[in-house]
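Here's the structure, in structure tokens; my notes come after.
Just so it is clear: chains get the letters A, B, ... in the order the sequence lines come, proteins before strands, and each one is counted from 1.
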There are 2 protein chains.
Amino acid sequence: MGKVRHSRFDCSPGCSVEAAVGLIDGKWKSVVLFHLLSGTLRFNEIRRHVHNVTPRMLTNQLRELEADGLVERKVYAQVPPKVEYSLSPLGRSMEPILLALKDWGDTNIGLYGKPRATDPREVSDAA
Amino acid sequence: MGKVRHSRFDCSPGCSVEAAVGLIDGKWKSVVLFHLLSGTLRFNEIRRHVHNVTPRMLTNQLRELEADGLVERKVYAQVPPKVEYSLSPLGRSMEPILLALKDWGDTNIGLYGKPRATDPREVSDAA
DNA sequence: CGGGATCCTCTACGATACTG
DNA sequence: CAGTATCGTAGAGGATCCCG
């Protein structure tokens with residue numbers, strides 16, 4: 001999301017919605033969070049799960065998730081390095097959202113393709 | 001979200017999640033959808049609800065929502081113009097997601113502030 | 001293994017002005 | 001009222017190389 005850090009909290013009820021979305025609107029964030037629902041993962045494990053994400057971006061997204069308090073990062077002082085990522089309680093609290101998203105996606109996309117097939121140029125002159 | 005149009009559907013289970021997020025990741029989309037949950041709204045009504053959105057952006061977001069099949073646009077051939085926006089059945093099917101988002105936001109942000117100071121430029125004009 | 005540093009591109013977002 | 005047209009910007013996202 002370029003500018004999509006939904007960070008304005010001066011709006012009406014939609015505010016909460018925007019704020020919540022703002023935490024998962026990174027290109028890979030939702031997927032990362034979703035995979036972390038299953039348990040702790042190491043950096044390269046996430047990489048393999050997500051597919052096509054570059055190290056830089058994954059680090060970036062993980063750092064933001066960490067800064068948002070959704071993900072916890074545990075570094076083992078070893079060599080070779082070992083870093084584990086897991087959901088914080090706050091991150092775990094997003095499970096309903098993640099599941100709702102997956103549920104919707106499974107129903108509306110997995111079955112018959114993505115919705116973005118409609119024609120924008122549609123004028124209803126009824127009534 | 002610069003590049004956050006999550007449009008790749010070639011990933012594993014996270015795929016559905018990403019796809020669903022991709023439909024609401026526009027800066028104003030989630031808020032617009034949320035407000036449309038309450039019923040049909042006219043262009044400037046949405047503008048007033050959302051606050052701070054420019055006509056251009058609102059049009060843009062509405063057009064994408066329409067193209068994604070989430071929102072329906074009804075134009076009345078009158079003068080002055082009258083255009084009504086409402087949720088399509090598909091859009092309505094996102095209600096659980098929207099509510100989950102709002103619920104999370106209300107709980108985790110409304111109470112004790114946002115989890116992270118995302119935006120440097122705070123509320124300057126609304127004060 | 002798990003990143004950091006650099007450089008670059010692209011486009012979502014925004015300000016402003018105008019119109020049928 | 002409900003947009004459209006232009007122009008400009010930031011910064012999210014990406015490619016590549018390197019490091020402890």
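The aromatic rings of A:H49 and A:H35 sit parallel to each other, their planes meeting at less than 30°, with 60° as the upper class boundary.
Considering only side-chain N and O atoms, A:Y85 lies under 4.0 angstrom from the phosphate OP1 or OP2 of C:dG3.
Rounded to an integer number of Å, the gap from CZ of A:R47 to C1' of D:dG14 is 13 Å. Atoms CG (A:N60) and P (D:dG13) sit 7 Å apart, rounded to a whole Å. For the pair A:F43 CZ and C:dG4 P, the computed distance is 8 Å after rounding to whole Å. Protein atom CG of A:L62 is 10 Å distant from nucleotide atom P of C:dG4, rounded to whole Å. Here C:dG3 presents its C1' atom at 17 Å from CG of A:L41, a figure rounded to the nearest Å. At whole-Å resolution of the value, NZ in B:K27 and P in D:dA10 are 14 Å apart. If you measure from atom CG of A:D25 to atom C1' of C:dC13, you get 13 Å, rounded to the nearest angstrom. Atom-to-atom, CG of B:L58 to P of C:dG14 comes out at 11 Å; the value is rounded to the nearest Å.
Summarising the geometry of B:L23 relative to A:W104, their closest heavy-atom pair is CD1-CH2, 3.3 Å, with the distance given to 0.1 Å. Shortest non-hydrogen contact noted between A:G69 and A:L90 is O-CB, 3.5 Å. When all heavy atoms of B:L58 and B:F43 are compared, the pair lying nearest together is CD2-O, 3.7 Å.
Contacts between residues 71-82 of chain A and DNA chain C, counted as heavy-atom distances below 4.0 Å, involve A:R73, A:P80, A:P81.
Under a hydrophobic clustering in which Ile, Leu, Val, Met, Phe, Trp and Tyr are joined whenever their side-chain heavy atoms come within less than 4.5 Å, directly or via other members, A:V75 and A:I46 fall into the same cluster.
Donor-acceptor pairing under 3.5 Å, judged by distance alone, is absent between the side chain of A:R56 and the base of C:dG3.
Listed nucleotides: D:dC1, C:dG14, C:dG2. Nearest to the side chain of B:W28: C:dG14. In this structure, of C:dG3, C:dC13, C:dG2, it is C:dC13 that holds the atom nearest to the side chain of B:M57. Closest approach to the A:T59 side chain among D:dT4, C:dG14, C:dG4 is made by C:dG4 (side chain taken as heavy atoms from C-beta onward).
Nucleotides of DNA chain C nearest to B:P55 and A:E84 differ in position, and the one nearer the 5' end is that of A:E84.
Here B:R42 pairs with B:E45, B:K82, B:E84 under the side chain to side chain contact (heavy atoms under 4.5 Å, CB included) rule; sequence neighbours left out.
B:R92 places no side-chain N or O within donor-acceptor distance of the main-chain N or O of B:L70, the cut-off being under 3.5 Å.
Contact annotation for B:Q61: backbone-only contact, meaning every heavy-atom pair under 4.0 Å involves sugar-phosphate atoms and none involves a base.
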